[in-house]
Q: 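Before I ask anything, let me first share the structure, which is written out below as structure tokens.
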Amino acid sequence: MKNKKITVTSPLLPDLEEFIPCLKQIWDSKWITNNGDFHQQLEQALCEYLGIDYISVFTNGTLPLITAFQALNIRQGEVITTPYSFVATTHAIWWNGLTPVFVDVDPITGNIDPDKIETAITENTVAIMPVHVYGNPCDTAKIDALAKNYNLKVIYDAAHAFGVKVKAPSNSPAGGGRALYKTANPMTYEWLKKHSKEMRKNQTQAEDVLWSLLRGENAGASFRRQHVIMDYIVDFVCVDKGLVLEVDGGYHTNSEQKEADELRDQMLKKQDYTVLRFTNEQVIGDPDTILKQIQNTLQSLPKRVSKDEAWSSILNAGDMSTLSFHATKVFNTIEGGALICHSAEMKQQIDYLKNFGFEDEVTVMAPGINSKMDEIRAAYGLLNLRQVDRAIAHRKQVAQNYRAGLKNIKGITCMHEIEGVLHNYSYFPIFVNEREYGMSRDALYEKMKAANVLGRRYFYPLISTFSPYSSLPSSNIANLPIANNLANAVICLPMHAELTDEDVKRVIEAISR
Ligand SMILES: Cc1ncc(COP(=O)(O)O)c(C=O)c1O
């Protein structure tokens with residue numbers, strides 16, 4: 001259709017054919033909410049995908065913001081935050097009886113300006129709530145250092161920052177402590193993990209012999225037993241070098257099994273693993289020769305650079321971060337959200353708080369709320385997680401096309417793409433300079449609408465201008481000139497995984513004409 005409506009966003013939907021069997025499973029089990037299987041699987045899969053250790057999924061992205069203060073026991077005082085965000089950020093502060101203090105933003109990133117945070121700190125300041133606006137990472141190193149200096153908590157509103165990573169050395173606080181390789185398939189991982197535990201308990205005689213040769217870095221490197229890689233459980237693996245060892249019983253000589261083994265080896269090879277296969281007899285009969293062969297192979301293999309060493313999730317910064325899985329977001333569970341923290345104890349507290357504060361059947365630890373994600377949305381989320389990389393890659397292409405198409409239009413500026421960041425392309429904001437463009441932002445917004453191209457003035461108006469907050473001293477426009485300029489100039493262009501080249505052309509034309 002030539003003039004079809006181009007919407008600002010369009011939800012990423014899982015394949016209905018794949019969703020229906022999940023629904024059937026939920027129907028059969030009759031377990032539809034309260035920390036069911038899909039809920040647990042989604043949390044596990046999100047930890048794997050995002051490169052974080054602890055996540056609690058919620059019914060939306062606002063309740064984790066509210067709950068974060070509860071979990072950190074922040075009951076009164078001032079919270080330094082940004083006016084250039086969605087109103088939920090400030091509402092979360094208000095709902096906790098805390099006082100928001102607005103600070104101006106950086107003109108390049110739209111994020112809270114860390115240099116202005118320090119001047120806003122008073123003896124009443126208890127926390128900082130920055131936002132990774134449009135998925136652009138805040139200066140977390142500066143903000144977290146400031147917080148440490150003044151003994152403040154930091155809760156990042158990362159609603160826009162699903163999957164965003166920054167380059168970080170593996171020994172930095174953000175990069176350290178992660179599992180090296182995360183190659184398991186989130187859909188099958190839980191089941192395989194249980195199975196692998198059993199297999200470790202019931203090793204064959206040959207596996208026993210080989211394990212006695214490998215354990216304690218006897219072979220010169222560390223090995224794991226019965227380890228899950230993709231959809232497989234391998235007998236032994238040295239993750240650092242990507243060396244897999246398989247000890248084959250007699251049945252591996254039959255032709256069907258041989259074929260399956262070959263396929264498996266090929267799949268592992270694709271993931272950059274080297275596979276050595278030994279028979280039971282070889283291992284038991286001549287362990288010294290086997291050990292020598294393993295040592296020689298290890299020596300010939302370079303150390304692999306893990307993805308997580310190169311990139312660290314932005315969600316590892318601060319005390320906590322929150323995500324929104326709303327239908328408009330890069331990754332959605334229709335409505336949904338999450339709270340990310342950095343210890344098992346804290347996750348436990350959060351899980352109590354999202355279930356009315358129940359610690360067990362008869363104990364309530366605090367006035368919690370009900371914000372549990374149900375099984376249907378958790379299953380939907382698991383399926384969407386499989387296609388989110390493809391969606392982000394498409395968004396990246398759209399962003400590149402927008403940049404190329406808009407670069408010569410006077411008075412229109414695109415946001416810089418920050419280097420050293422794995423972006424998620426969640427939004428594509430442009431800023432209109434009325435004098436140079438010859439038309440106001442609002443006039444352009446209306447003109448686009450008339451051409452059936454729907455943008456969004458996001459974030460406009462500034463939160464500090466809304467009636468609950470406008471009388472705060474920090475809401476004075478003189479305190480927030482940069483945020484005010486951005487809010488009055490911004491239009492977010494259509495950005496989603498279904499935009500075609502033709503759509504992008506039409507958006508650019510609507511702005512060019
Ligand atoms: C920056 C920011 N914070 C919080 C939220 C609230 O998330 P939810 O709509 O999932 O409650 C949003 C939603 O758009 C947002 O953009």
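These numbers were taken from a predicted model, which means no experiment stands behind them.
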Q: May I ask you to decide if Asp442's main-chain N or O and Arg457's side chain share a donor-acceptor pair within less than 3.5 Å?
A: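 No: the side chain of Arg457 does not pair with the backbone of Asp442.
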
Q: Under 3.5 Å, is there a donor-acceptor pair between the Gln397 and Tyr425 side chains?
A: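 No pair is found: no donor N or O on one side chain lies under 3.5 Å from an acceptor on the other.
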
Q: Under the criterion side-chain contact (heavy atoms from CB on, under 4.5 Å), I'd like the reasoning laid out for Lys407 against Ile412: C-alpha separation, chi angles, the key distance, then a yes or no.
A: CA-CA 8 Å; Lys407 73 172 188 282; Ile412 300 292; over 6 Å; no

Q: Measure the shortest side-chain to side-chain distance between Thr90 and Ser85 over non-hydrogen atoms and say whether it is less than 4.5 angstrom.
A: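 With C-beta onward as the side chain, the pair stays apart.
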
Q: Can you find a pair of side-chain heavy atoms, one from Thr9 and one from Met495, that are under 4.5 Å apart?
A: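 Heavy-atom side-chain distance check fails, nothing below 4.5 Å.
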
Q: Side-chain contact test, heavy atoms from C-beta onward, threshold under 4.5 Å: evaluate it for Ser321 versus Ile155 and give yes or no.
A: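 A side-chain contact is absent here, since even the closest heavy-atom pair is not under 4.5 Å.
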
Q: Do His423 side-chain atoms and Ile392 backbone N/O form a donor-acceptor pair below 3.5 Å?
A: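 It does not hold such a pair.
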
Q: Please check this pair: side chain of Asp319 against backbone of Val154, looking for a donor-acceptor N/O pair closer than 3.5 Å.
A: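 Checked: pair present.
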
Q: Does Asp37, at its CG atom, have more than 12 non-hydrogen atoms belonging to other residues, nucleotides or ligands within less than 6.0 Å?
A: no

Q: Between Asn73 and Gln70, is any side-chain donor less than 3.5 angstrom from a side-chain acceptor?
A: no

Q: Does NZ or CZ of Lys410 lie under 6.0 Å from the centre of the six-membered ring of Tyr437, at an angle within 45° of the ring axis?
A: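 Checked: cation-pi criterion not met.
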
Q: So, Lys167 and Glu419, do they make that salt bridge, N to O below 4.0 Å?
A: no

Q: Do you know which two heavy atoms are closest between Gln44 and Lys193, and how far apart they sit?
A: OE1-NZ, 4.4 Å

Q: Would you call the rings of Phe102 and Tyr469 parallel, tilted or perpendicular, where under 30° means parallel and over 60° means perpendicular?
A: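 Correct class here is perpendicular.
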
Q: Are any of the side-chain nitrogens in Lys347 or Asp53 under 4.0 Å away from the carboxylate oxygens of its partner?
A: no

Q: With sequence neighbours left out, write down each residue that passes ring pair (Phe, Tyr, Trp, His ring centres under 6.0 Å) with Phe428, or none if nothing qualifies.
A: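 For Phe428, the residues satisfying ring pair (Phe, Tyr, Trp, His ring centres under 6.0 Å) (neighbours in sequence not counted) are Tyr402.
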
Q: Ignoring hydrogens and geometry, is there a side-chain-to-backbone donor-acceptor pair from Asn60 to Thr62 under 3.5 Å?
A: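 Checking the backbone N and O of Thr62 against the side chain of Asn60, a donor-acceptor pair under 3.5 Å is found.
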
Q: Mind checking the CG-CG spacing from Leu493 to Asp503? Nearest 0.5 Å is all I need.
A: 12.5 Å

Q: Between Asp104 (side chain) and Ile482 (backbone), is there a donor-acceptor pair under 3.5 Å?
A: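 The answer is yes, because a donor-acceptor pair under 3.5 Å joins these two groups.
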
Q: Just by modelled atom types, is the Leu63 backbone N or O under 3.5 Å from a matching donor or acceptor in the Thr67 side chain?
A: yes

Q: Quick check, are the ring centers of Trp191 and His195 under 6.0 angstrom apart?
A: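 Under 6.0 Å, so yes.
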
Q: Give the C-alpha distance, both sets of side-chain angles, the deciding distance and a yes or no for side-chain contact (heavy atoms from CB on, under 4.5 Å) between Ile314 and Lys165.
A: CA-CA 5 Å; Ile314 195 68; Lys165 296 194 174 180; over 6 Å; no

Q: For His132, enumerate each residue passing the ring pair (Phe, Tyr, Trp, His ring centres under 6.0 Å) test, keeping only those at least two apart in sequence or located in another chain.
A: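 His132: ring pair (Phe, Tyr, Trp, His ring centres under 6.0 Å) contacts with Tyr156.
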
Q: For Tyr49, does the six-membered ring have the charged nitrogen or CZ of Arg386 within the cation-pi criterion, i.e. under 6.0 angstrom from the centroid and within 45° of the normal?
A: no

Q: Within a strict 4.5 Å, meaning less than it, do heavy atoms of the Gln25 and Phe38 side chains meet?
A: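 In short, these two side chains touch, coming nearer than 4.5 Å.
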
Q: Ignoring hydrogens and angles, tell me if any N or O in the side chain of Asn111 forms a donor-acceptor pair with the backbone of Val133 under 3.5 Å.
A: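 Judged by distance alone, yes, a pair lies under 3.5 Å.
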
Q: Does the pair Tyr445 and Leu454 meet the rule for a side-chain contact (heavy atoms from CB on, under 4.5 Å), with working shown?
A: CA-CA 8 Å; Tyr445 171 74; Leu454 306 185; over 6 Å; no

Q: With side chains defined as the heavy atoms from C-beta onward, is the minimum distance between Leu406 and Ile511 less than 4.5 Å?
A: yes

Q: Decide if atom CG of Asp360 counts as having more than 12 heavy atoms of other residues, nucleotides or ligands within a radius under 6.0 Å.
A: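 Yes - once you tally the heavy atoms of other residues, nucleotides and ligands closer than 6.0 Å, there are more than 12.
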
Q: Among all residues two or more places apart in sequence or in another chain, which pass the salt bridge (charged side-chain N to carboxylate O under 4.0 Å, His left out) test with Glu335?
A: none

Q: So Phe358 and Thr363, do their side chains get closer than 4.5 Å, heavy atoms only?
A: no

Q: Under 4.0 Å between a side-chain nitrogen and a carboxylate oxygen: does that hold for Glu498 and Arg390?
A: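 Result for this pair is no, no salt bridge flagged.
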
Q: Does Ser56 form a side-chain hydrogen bond (donor to acceptor under 3.5 Å, both in side chains) with Asp351? I'd like the steps, not just the answer.
A: CA-CA 7 Å; Ser56 298; Asp351 287 346; 2.8 Å; yes

Q: In the structure I gave you, are the side-chain heavy atoms of Ile350 and Met320 within less than 4.5 Å of one another anywhere?
A: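 Ile350 vs Met320: side chains touch.
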
Q: Do Tyr380 and Phe325 make the cut of ring centroids closer than 6.0 angstrom?
A: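 Aromatic pair excluded; centres sit 6.0 Å or further apart.
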
Q: Could you check whether atom NZ of Lys447 has more than 12 heavy atoms from other residues, nucleotides or ligands sitting under 6.0 Å from it?
A: yes

Q: After noting the C-alpha distance and the side-chain angles of Glu78 and Thr122, does the key distance pass the side-chain hydrogen bond (donor to acceptor under 3.5 Å, both in side chains) rule?
A: CA-CA 8 Å; Glu78 295 172 357; Thr122 70; 2.9 Å; yes

Q: Does any part of the side chain of Leu46, heavy atoms only, come nearer than 4.5 Å to the side chain of Val57, both counted from C-beta?
A: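 Contact flag for Val57/Leu46 side chains = yes.
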
Q: For the residue pair Phe331 and Phe162, does the interplanar ring angle fall in the parallel (under 30°), tilted (30 to 60°) or perpendicular (over 60°) class?
A: parallel

Q: Are the side chain of His160 and the backbone N or O of Tyr427 linked by a donor-acceptor pair below 3.5 Å?
A: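 Checked: no pair found.
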
Q: Counting N and O atoms only, with roles assigned by atom type, does the side chain of Asp144 sit under 3.5 Å from a partner on the main chain of Gly318, one being a donor and the other an acceptor?
A: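 Here the side-chain-to-backbone pair exists.
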
Q: If you measure only the distance, is there a donor-acceptor pair under 3.5 Å linking the side chains of His326 and Ser324?
A: no

Q: Would you sort out whether Ser474 and Asn479 count as a side-chain hydrogen bond (donor to acceptor under 3.5 Å, both in side chains), showing the intermediate values?
A: CA-CA 6 Å; Ser474 64; Asn479 184 44; 5.0 Å; no

Q: Would you call the rings of Tyr458 and Phe86 parallel, tilted or perpendicular, taking 30° and 60° as the class edges?
A: tilted

Q: Measure the NZ-CD distance between Lys354 and Gln349 for me, rounded to the nearest 0.5 Å.
A: 13.5 Å

Q: State whether the side chain of Ser440 and the backbone N or O of Ala443 hold a donor-acceptor pair below 3.5 Å, judged by distance alone.
A: yes

Q: Can you confirm whether more than 12 heavy atoms, excluding those of Ile477, are under 6.0 Å from its CD1 atom?
A: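 Enclosed.
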
Q: Verify the distance criterion only: is there a donor paired with an acceptor across the side chains of Ser426 and Asn424 at less than 3.5 Å?
A: yes

